[in-house]
Number of protein chains: 2
Amino acid sequence: MVRTTNYVKLPRAMLKPSLSKKSAPSKLGLVDVLAQAAFTTMAILNKLAAENDLSLTQLRVAGILRDRRLRMLELADYLGLEKSTMTGLVDRAEKRGLMRRAPNPDDGRAIDVFLTKEGLKLAERLQGQFQDAIAPLTTKLKASDQNLLQELLERLLASD
Amino acid sequence: MVRTTNYVKLPRAMLKPSLSKKSAPSKLGLVDVLAQAAFTTMAILNKLAAENDLSLTQLRVAGILRDRRLRMLELADYLGLEKSTMTGLVDRAEKRGLMRRAPNPDDGRAIDVFLTKEGLKLAERLQGQFQDAIAPLTTKLKASDQNLLQELLERLLASD
DNA sequence: TATTGTTATACTCTATAACTATA
DNA sequence: TATAGTTATAGAGTATAACAATA
């Protein structure tokens, strides 16, 4: 059973560029640009999800489960969602043949979730599509600047 | 009438860091990092919205209308949403005293939307809270690197 | 006729609370 | 008793389609 809805319309503008007070401190600028980059990237991911008849959350799940098998609760924690929310999410993905449930062998209460072969293929296709979709942005920078940007963002995101 | 729900639970992990094939081309790395940065930023924005009893969309609307008055359809285009979706969105915001509707003086079919004084105050508070929330990330970089990052992202996002 | 906005309807995502089964 | 997952219920966000009012 295939869903036919295609829940996305692309925004004309992502976010207001900035307050741009004349002599605003430059710290404010970076914050704005980060937000704008986030909205732009999310719009791409959203479009990608819609084109594949997925919600953004389902897209994330596909990415997360690409190389792991997780319990329902672990998956919920990864996503920052309640366990009850997972039930419906996994139900729908299972109905579409993308994921499957199986009892956890070590804990009779727990249920493992994992991608089917079809789900895995989709996840890999999505990875490639995302790269293609974002390439028009990244290729505006020359290779050395791409590396620089990557390095700066990695430091920004470093968890310690 | 104040909503009491607080629709957010923070994720333990934002997104799988990478496929990390041993000798993957470095282009793949930047794409992954951009996605991760987007999810991290969106998680912050989402939390901020939830703490103020707003959805992410309402948070965006607050930002967009901070210095403009728009017709329903213009607002829909900004957000990438259908006009029918706006009706409910504006209804709810209006009920909370954050926005108001008024007939457009130039076109009898059109309805303008704008923030109330209370909505404006909220929008400004949100701006400050977002800066505070994201500061722990940005301050990991020294000032010159912050400027560099901002410049690189600006080039990435430049629309031409 | 074409455009703007609303209404009706339906589905997904999300949460809280109560429940069942297992530890 | 505590934990894992499901079910029931409810509200928000989203879309499509049909409609009323205005251009």
Side-chain angles (χ1 to χ4, degrees), chain A residues 1-11 42-43 46-47 49-61 70-77 79-96 98-113, chain B residues 1-11 42-43 46-47 49-61 70-77 79-96 98-113:
Chain A
M1 185 244 228
V2 176
R3 275 153 75 268
T4 48
T5 35
N6 194 20
Y7 272 11
V8 155
K9 242 193 70 179
L10 278 193
M42 294 310 291
N46 234 313
K47 173 164 177 272
E51 286 169 352
N52 288 275
D53 252 326
L54 298 170
S55 71
L56 191 55
T57 305
Q58 284 173 318
L59 183 99
R60 288 186 70 194
V61 171
L70 294 176
R71 300 157 159 233
M72 294 290 281
L73 205 54
E74 288 173 326
L75 188 54
D77 281 345
L79 296 165
L81 301 175
E82 284 302 319
K83 57 186 179 168
S84 64
T85 302
M86 298 315 303
T87 301
L89 205 70
V90 173
D91 281 352
R92 288 183 288 273
E94 208 170 17
K95 214 167 285 177
R96 292 186 54 191
L98 302 176
M99 293 173 40
R100 281 242 308 282
R101 280 181 241 233
N104 181 298
D106 301 327
D107 186 336
R109 299 167 298 180
I111 302 278
D112 289 339
V113 197
Chain B
M1 185 245 226
V2 176
R3 276 154 73 269
T4 48
T5 34
N6 195 21
Y7 271 10
V8 155
K9 242 194 69 179
L10 278 192
M42 294 309 291
N46 233 313
K47 172 163 178 272
E51 285 169 354
N52 288 274
D53 252 326
L54 297 170
S55 71
L56 191 55
T57 305
Q58 284 173 319
L59 183 99
R60 288 186 70 193
V61 171
L70 294 176
R71 301 157 158 232
M72 293 291 279
L73 204 55
E74 289 173 326
L75 188 54
D77 281 345
L79 295 166
L81 301 175
E82 284 302 319
K83 57 187 179 168
S84 62
T85 302
M86 298 314 303
T87 301
L89 204 70
V90 173
D91 281 353
R92 289 183 288 272
E94 208 170 16
K95 213 166 285 176
R96 291 185 54 191
L98 302 177
M99 293 173 40
R100 280 243 309 282
R101 279 181 242 236
N104 181 298
D106 302 327
D107 186 337
R109 300 168 298 179
I111 303 279
D112 289 339
V113 197

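Letters go in sequence order (proteins before strands), and every chain restarts at 1. Values reported hereafter were calculated over all heavy atoms of this structure, with side chains retained and with hydrogens, waters and symmetry mates removed.
- Distances shown here put a side-chain N or O of B:Thr57 below 4.0 Å from the OP1 or OP2 atom of D:dT14.
- Closest heavy-atom contact between A:Glu94 and A:Met99: CG-O, 3.3 Å.
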Evaluate the criterion side-chain contact (heavy atoms from CB on, under 4.5 Å) for residue pair B:Asp53 and B:Arg96; output intermediate values, then yes/no. CA-CA 10 Å; B:Asp53 252 326; B:Arg96 291 185 54 191; 3.8 Å; yes
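- Put simply, CG on A:Asp53 is 12 Å from C1' on C:dC11, counting in whole angstrom units.
- With rounding to whole Å, A:Leu81 atom CG is found 9 Å from C:dC13 atom C1'.
- For the pair B:Glu82 CD and D:dC19 P, the computed distance is 18 Å after rounding to whole Å.
- Annotation for A:Asp112 and A:Pro105: closest pair OD2-CD, 3.9 Å, computed over non-hydrogen atoms.
- Atom-to-atom, CD of B:Glu51 to P of C:dA15 comes out at 15 Å; the value is rounded to the nearest Å.
- Residues passing the side-chain contact (heavy atoms from CB on, under 4.5 Å) test with B:Asp107, sequence neighbours excluded: B:Arg71, B:Asn104, B:Arg109, B:Ala110.
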Using side-chain contact (heavy atoms from CB on, under 4.5 Å), reason through B:Thr85 and B:Thr57 one step at a time and then give a plain yes or no. CA-CA 11 Å; B:Thr85 302; B:Thr57 305; over 6 Å; no
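- Taking CG from A:Leu79 and CZ from A:Arg60, the interatomic distance works out to 5.5 Å, rounded to the nearest 0.5 Å.
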Counting Watson-Crick and G-U wobble pairs with both distances under 3.5 Å, what is the dot-bracket string for DNA chain D, 5' to 3', using [ ] for crossing pairs and | for pairs to another strand? |||||||||||||||||||||||
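- Rounded to whole Å, the distance from CG on B:Leu89 to P on C:dC13 is 19 Å.
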Tell me, for nucleotides 4-9 of chain D in 5' to 3' order, what letter each nucleotide earns: B for a base near a protein heavy atom under 4.0 Å, S for only sugar-phosphate near one, - for neither? BBBB--
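- In this structure, B:Arg96 atom CZ and D:dG13 atom P are separated by 10 Å, rounded to whole Å.
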Start with the C-alpha gap between B:Asn52 and B:Gln58, add the side-chain angles, then the distance that decides, and say whether side-chain contact (heavy atoms from CB on, under 4.5 Å) holds. CA-CA 10 Å; B:Asn52 288 274; B:Gln58 284 173 319; over 6 Å; no
List the steps and the verdict of side-chain contact (heavy atoms from CB on, under 4.5 Å) for A:Leu89 and A:Leu75. CA-CA 11 Å; A:Leu89 205 70; A:Leu75 188 54; 5.9 Å; no
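- Remark: A:Ile111 engages A:Met72, A:Arg101 in a side-chain contact (heavy atoms from CB on, under 4.5 Å) (not counting sequence neighbours).
- Residue B:Arg92 contributes atom CZ, which lies 13 Å from atom P of C:dT7 at whole-angstrom precision.
- Rounded to an integer number of Å, the gap from A:Asp77 CG to D:dT3 C1' is 13 Å.
- Of the side-chain N and O atoms in B:Gln58, none sit less than 4.0 angstrom from OP1 or OP2 of D:dA12.
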